[in-house]
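Working notes for the structure below.
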Amino acid sequence: EHHWDFTVLSSADSPKTVLRFARTFERQSGSKARIAWNGGYILNPELVGKLGLPETYIGSPLGMIISEGRLLSAPLFNKPALLVSKDGSMDIRRVRCGDGMRIRRGGEELVFTRKMYNPEGSFSGTAYYDLLYAGDRIEGKGRTMVRLAGCTIKEIIHCGIEEQMEVVPVGLTLAFAAEEVPVGLEVGEELELILPGFEDVLHGVEAGPLLVEGGNLALDMEQEGWKTQNSIRTQAARLDYTRMRGPKIAVGINQEGQLVVLTVNGRIRESVGATHEDMARILLDHGVDKAMGFDPGGSSTLVVDGKTLNISPYNRAYETNVYALPPEPRAVSNAIIGFTRD
């Protein structure tokens, strides 16, 4: 009897809990947040330290985010995304940026064709690289490298002919030939990213893995790049990733377009948690046609009508006091909010 809408909220400064995202949404929109859950993977402070990156990278998204029709972060692997179209319909499918990309800045538009995507060997022209790039270094060839986190320029590096640049497993890397470097690029500048095929998407979040497709189990960690070194460095993924039990959260859509959200507690006395296959089979039992997981572990959070339903094994003060700490939801950089319009 109500019309449902969904939106994706991202934090521009520091991560926040899903409950805080929901309350912020209610305060700013005047609508009631009926359901909310954590979105895609982010670069947390621990990973930033391990990778030796500046603190400015903390909270950077590790996958596609579309909010209000604006692409805030491009796909980085080939993982699934929950997509909400402008007509209100929802879809779950794998997303990638290998089919080309355009970038607008002011009155200028930069065009990257699919031939410029992840070129191998001694390529010296303008190109762009995501985290499916096979190498751990990109040959400089006198080019200017622009490292992005989301749509924000984090670093600009001018490479010599023989110099190689290390791949940082965070965002896209744009490589400009010397004669094609855009004028006035600055660290901190936000670019307008445009991907073909997403023009009608109003909101979207890449996470994963894909659990169900066409009513069948669809786990394929190889296809989604989970076993690449870039994924392992940022997600702490392992070769036995599909068999790891822990807190999980997932979303499914049935053939009638209805949404099912599932969360399972883990790493607590009452529950060791679930595997990705467990999540897929539970959702299949509930008749879903498509399903995907979202950031598991301590980030898994499900809020319904202002109440957090699951128990998190996380506490931010763990390193200072490992004893008798109450569970609390982990702060995340983005969240999906479902609300109704009467």
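Sequence positions, counted from 1, serve as the residue numbers for this chain.
- Distance alone, capped at 3.5 Å, is enough to place a donor-acceptor pair between the T301 side chain and the S299 backbone.
- Closest non-hydrogen pair, H203 versus F6, comes out as CD2-O, 3.1 Å.
- The minimum heavy-atom distance between K227 and E222, with the atom names listed, is CD-OE2, 3.6 Å.
- For E270, the CD atom counts as densely surrounded, since its 6.0 Å shell holds more than 12 non-hydrogen atoms of other residues, nucleotides or ligands.
- Put simply, CG on L283 and CD1 on I253 are 11.0 Å apart, with the number rounded to the nearest 0.5 Å.
- A salt bridge links E108 with R105: the closest approach of a Lys/Arg side-chain nitrogen to an acidic carboxylate oxygen falls below 4.0 angstrom.
- The backbone N or O of D295 lies less than 3.5 Å from a partner atom in the side chain of N38, making a donor-acceptor pair.
- The two residues S67 and V8 have their closest heavy-atom pair at OG-O, 2.8 Å.
- Using a cut-off of 4.0 Å between Lys/Arg side-chain N and Asp/Glu carboxylate O, E109 and R104 are scored as salt-bridged.
- Using a 4.5 Å cut-off on side-chain heavy atoms (C-beta onward), V332 and P15 make no contact.
- Within 6.0 Å of atom CD in E256, more than 12 heavy atoms from other residues, nucleotides or ligands are found, so the atom counts as buried in its surroundings.
- Separation of atoms CD1 (I138) and OH (Y129) is listed at 5.0 Å; rounding is to 0.5 Å.
- A salt bridge links D278 with R245; the closest basic N to acidic carboxylate O contact falls under 4.0 Å.
- At least one donor-acceptor pair under 3.5 Å links the side chain of S29 to the backbone N or O of F25.
- Using a distance-only test at 3.5 Å, with no hydrogens or angles considered, no donor-acceptor pair links the side chain of S85 to the main chain of D87.
- K32 forms no cation-pi arrangement with F339, by the criterion of a distance under 6.0 Å to the ring centre and an angle within 45° of the ring axis.
- Residue L191 holds its CG atom at 7.0 Å from CG of L174, rounded to the nearest 0.5 Å.
- Y314 carries R330 over the face of its six-membered ring, with the cationic atom under 6.0 Å from the centre and within 45° of the normal.
- The nearest pair of heavy atoms linking Y128 to C97 is OH-O, 2.6 Å.
- A donor-acceptor pair under 3.5 Å is formed between the side chain of E26 and the backbone N or O of A33.
- At distances below 3.5 Å, not a single donor-acceptor pair connects side-chain atoms of Q164 with backbone N or O atoms of G140.
- The number of heavy-atom neighbours closer than 6.0 Å to CD of E179, taken from other residues, nucleotides and ligands shown, is above 12.
- For the pair K290 and E213, the minimum side-chain heavy-atom distance is 4.5 Å or more.
- Taken to the nearest 0.5 Å, the CG atom of N265 stands 9.0 Å off from the OG atom of S300.
- A distance-only check finds no donor-acceptor pair linking the side chain of E328 to the backbone of S312 [under 3.5 Å].
- Here the side chains of L211 and V288 are not in contact, with every heavy-atom distance at 4.5 Å or above.
- Of all heavy-atom pairs spanning A127 and P119, the tightest one is CB-CG, 3.6 Å.
- A salt bridge is absent between R147 and E166; no separation between the charged side-chain nitrogens and carboxylate oxygens falls under 4.0 Å.
- In this structure, CE in M64 is found 8.0 Å from CG in L195, a value given to the nearest 0.5 Å.
- Side-chain atoms of N230 and T228 include no donor-acceptor pair closer than 3.5 Å.
- Using modelled atom types and a 3.5 Å distance limit, the side chains of Y117 and D130 yield a donor-acceptor pair.
- In this structure, R93 CZ and L83 CG are separated by 5.0 Å, a value rounded to the nearest 0.5 Å.
- No more than 12 heavy atoms of other residues, nucleotides or ligands shown are found within 6.0 angstrom of CD on E120.
- Heavy atoms only, all atoms of each residue included: V264 and M279 are closest at CG2-SD, 3.6 Å.
- Salt bridge absent: E68 and R70 never bring a charged side-chain N and a carboxylate O closer than 4.0 Å.
- In this structure, L202 is not a member of the same hydrophobic cluster as I336, with clusters built from ILVMFWY side-chain heavy atoms closer than 4.5 Å.
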